[in-house]
Structure formats: C-alpha cells, structure tokens
There are 2 protein chains.
Amino acid sequence: MNTEIQNTFRALADPTRRSILMHLSAKEMTIAEVSAHFDMTRAAVKKHLIILEEGELISARRMGRETLNRLEPEGLKTVANWVNYFSGFWNIKLQNLQSAIEEEGNSKK
Amino acid sequence: MNTEIQNTFRALADPTRRSILMHLSAKEMTIAEVSAHFDMTRAAVKKHLIILEEGELISARRMGRETLNRLEPEGLKTVANWVNYFSGFWNIKLQNLQSAIEEEGNSKK
DNA sequence: TCCATACAATACCAAATGGTATCATGTTAA
DNA sequence: TTAACATGATACCATTTGGTATTGTATGGA
C-alpha cells in the first residue's frame with residue numbers, strides 16, 4: 001500500500017509538528033521536554049508525536065518512566081524522493097539527491 | 001510571514017492533490033482534463049486546484065473559456081529547502097540540493 | 001510501602017476539510 | 001442573437017483534525 005507516503009505528508013501538514021521536528025533535530029527529548037516549548041497540554045503534544053511516528057519522522061523508546069523521542073530519516077527520505085520525482089519538470093538538477101539517498105546504507109554513524 | 005510553507009505542506013497533505021501534480025507533470029491541463037482522471041465532481045477538483053495554487057505548486061491562466069493549469073516549481077523549492085535543513089542530522093549528503101536551488105535563476109528553459 | 005512523577009488512553013468539543021448540489025458568468029460557434 | 005460549453009462561486013453536509021479534560025498505569029525514591 002502507498003499509505004506510508006500519505007502518513008508522512010499528513011504529519012508534515014501541521015506547523016506544530018514541523019516545529020517539533022526542528023526541536024528534535026537538536027537532541028532527543030522526552031514528551032515533557034518537547035511540551036515545554038509549546039503552549040498546549042502534554043496530551044496534545046503526545047498526539048502530535050504519535051502522528052510524527054506514523055509518518056516515520058521520529059521514533060520513540062521507553063526508558064524507565066520516560067519516553068525519548070528521536071528524529072528519524074525514513075520519512076524525510078520519502079519526502080526527498082517525492083520531490084526528486086519532479087526534478088525533470090523543474091529546470092534544477094536534483095539528481096544528486098536521488099543518488100545520495102541510495103548511498104545512505106554505506107555511510108557511517 | 002511564514003504562511004507560504006504552511007500553504008505548501010497543507011497542499012501536499014492530500015493524496016488527490018499529489019496525484020494531480022503527477023498528472024500535471026506530463027502537461028498543462030484544463031480543469032475538465034484533470035477531472036477526467038478522478039471519480040469526483042469538477043467542483044471538487046477545482047477546490048483542490050485552488051489549494052495547490054495557494055501552495056505555489058501550480059499556476060492557472062485563463063485562455064478563452066478554458067483555464068490551463070501548470071506545474072510550478074516554487075512550492076517544490078520550499079519543500080526541498082525544508083528537507084535540506086535536516087541534512088545535517090541525517091547522515092546523507094544533501095548539500096547539492098541546496099546549491100542546485102540557488103543556481104536556479106541561471107538555468108535556461 | 002507509598003506517594004509523586006511521567007506517561008497512556010479515552011471521551012468529548014469546535015473548527016477545518018473534502019465532498020456534492022446548485023446557480024451564475026463569460027465564450028464560442030452557428 | 002443565442003444556445004451549448006467551460007468555468008466560477010456559494011451553500012450545505014459528513015468526517016477528520018487539533019485541542020482539553022479526565023482517568024488510569026507503571027516507575028522510582030524516601
């Protein structure tokens with residue numbers, strides 16, 4: 001099914017969620033830490049985190065009584081690939097993007 | 001204001017709209033032509049086209065009694081730039097994308 | 001043990017979204 | 001002129017979405 005790309009674009013459609021990704025790009029954060037940056041309840045932030053997880057843009061792992069949320073590249077790859085599809089109709093060279101993605105497995109942490 | 005990026009991501013969040021972009025990547029099309037590919041009314045397709053236009057992903061120009069819709073790169077640039085922001089957290093080299101975007105003005109049709 | 005902490009889950013609500021139906025407007029060809 | 005054509009605009013409806021409030025559950029320190 002093609003539901004993954006839908007989940008990713010859906011996740012990116014909300015400004016709060018894009019902002020969360022920016023925050024998580026600095027470091028892994030618990031739900032409470034993420035929530036501290038927004039004027040809404042933790043429950044609301046948690047919902048956004050779930051949608052980001054469904055879009056494969058973040059991952060969450062339980063550590064004791066905390067849950068650490070981390071930025072993940074899968075969803076971003078999906079978006080990059082999608083943009084790349086249009087490179088031929090766009091007079092900009094994006095081929096490098098495609099090849100960079102395919103090389104991902106070879107790079108080191 | 002930062003409403004442009006919101007309009008673009010909002011426009012991409014719907015599968016019908018992403019499909020419309022795929023169709024328009026083949027050629028400019030009237031509303032009727034676009035509608036022929038979908039099982040919904042022309043009015044519904046027209047609404048999608050307006051949202052795509054707000055996201056700077058297409059442009060529409062009236063030609064007599066027809067309206068031709070064409071793929072536009074502005075919104076795609078927005079998305080590409082956004083993805084590029086995360087390249088540093090992602091062990092893939094996307095710098096080429098950024099420079100390609102900045103060179104756009106120099107390329108020919 | 002026992003309580004404060006950090007999160008999970010659910011019910012509920014208002015607003016935005018995706019769709020149809022309907023009517024109005026400008027254009028082309030006879 | 002006039003009728004069919006292609007689109008534009010608006011009202012309306014069901015569903016989804018983004019949020020709060022509330023309640024439940026597991027963890028860790030005193």
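Below, chains carry the letters A, B, ... as their sequence lines are ordered, and counting in each starts from 1. Computed from a predicted structure; not experimentally measured.
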Can you see if the side chain of [X] gets near the phosphate of [N] - specifically, an N or O under 4.0 Å from OP1 or OP2?
X     : N      : value
A:K47 : D:dG18 : no
A:T67 : C:dC7  : no
B:H48 : C:dG19 : yes

In whole angstrom, what separates [X]'s [atom1] from [N]'s [atom2]?
X     : N      : atom1 : atom2 : answer
A:K46 : D:dT20 : NZ    : P     : 16 Å
B:R42 : C:dT20 : CZ    : P     : 13 Å
B:L52 : C:dT17 : CG    : P     : 14 Å
B:E66 : D:dC5  : CD    : P     : 13 Å
A:L49 : D:dT17 : CG    : P     : 17 Å
A:L68 : C:dC7  : CG    : C1'   : 12 Å
B:I50 : D:dG8  : CD1   : C1'   : 8 Å
A:E33 : C:dC7  : CD    : C1'   : 14 Å

Reckon B:A44 touches a base, only the sugar-phosphate, or nothing at all at heavy-atom distances under 4.0 Å? base

So B:R62, base contact, sugar-phosphate only, or nothing? Heavy-atom distance under 4.0 Å. sugar-phosphate

With distance as the sole criterion, is a donor-acceptor pair present between the side chains of B:S59 and B:E72 under 3.5 Å? yes

Verdict with supporting geometry, A:K77 and A:E56, side-chain contact (heavy atoms from CB on, under 4.5 Å): CA-CA 10 Å; A:K77 280 205 297 184; A:E56 298 187 288; over 6 Å; no

Between [options], which nucleotide gets closest to the side-chain atoms of [X]?
X     : options               : answer
B:R65 : D:dG28, D:dT7, C:dT27 : C:dT27
A:M40 : D:dT20, D:dG8, C:dA4  : D:dT20
A:A43 : C:dT20, C:dA9, C:dC7  : C:dA9

Under 4.0 Å, heavy atom to any atom of DNA chain C: which of residues 6-21 of chain A qualify? none

Minimum heavy-atom distance [X]-[Y], with the two atoms named:
X     : Y     : answer
B:R42 : B:I31 : O-CG2, 4.3 Å
A:R17 : A:A11 : NE-O, 2.7 Å
A:V83 : B:L76 : CG1-O, 4.4 Å

Transitively linked via ILVMFWY side-chain contacts under 4.5 Å: B:L71 with B:L68? no

Determine whether a donor-acceptor pair (N or O, by modelled atom type, separation under 3.5 Å) exists between the side chain of B:T67 and the backbone of B:M63. no

Closest to the 5' end of DNA chain D, once A:I51 and A:M63 are matched to their nearest nucleotides, is A:I51

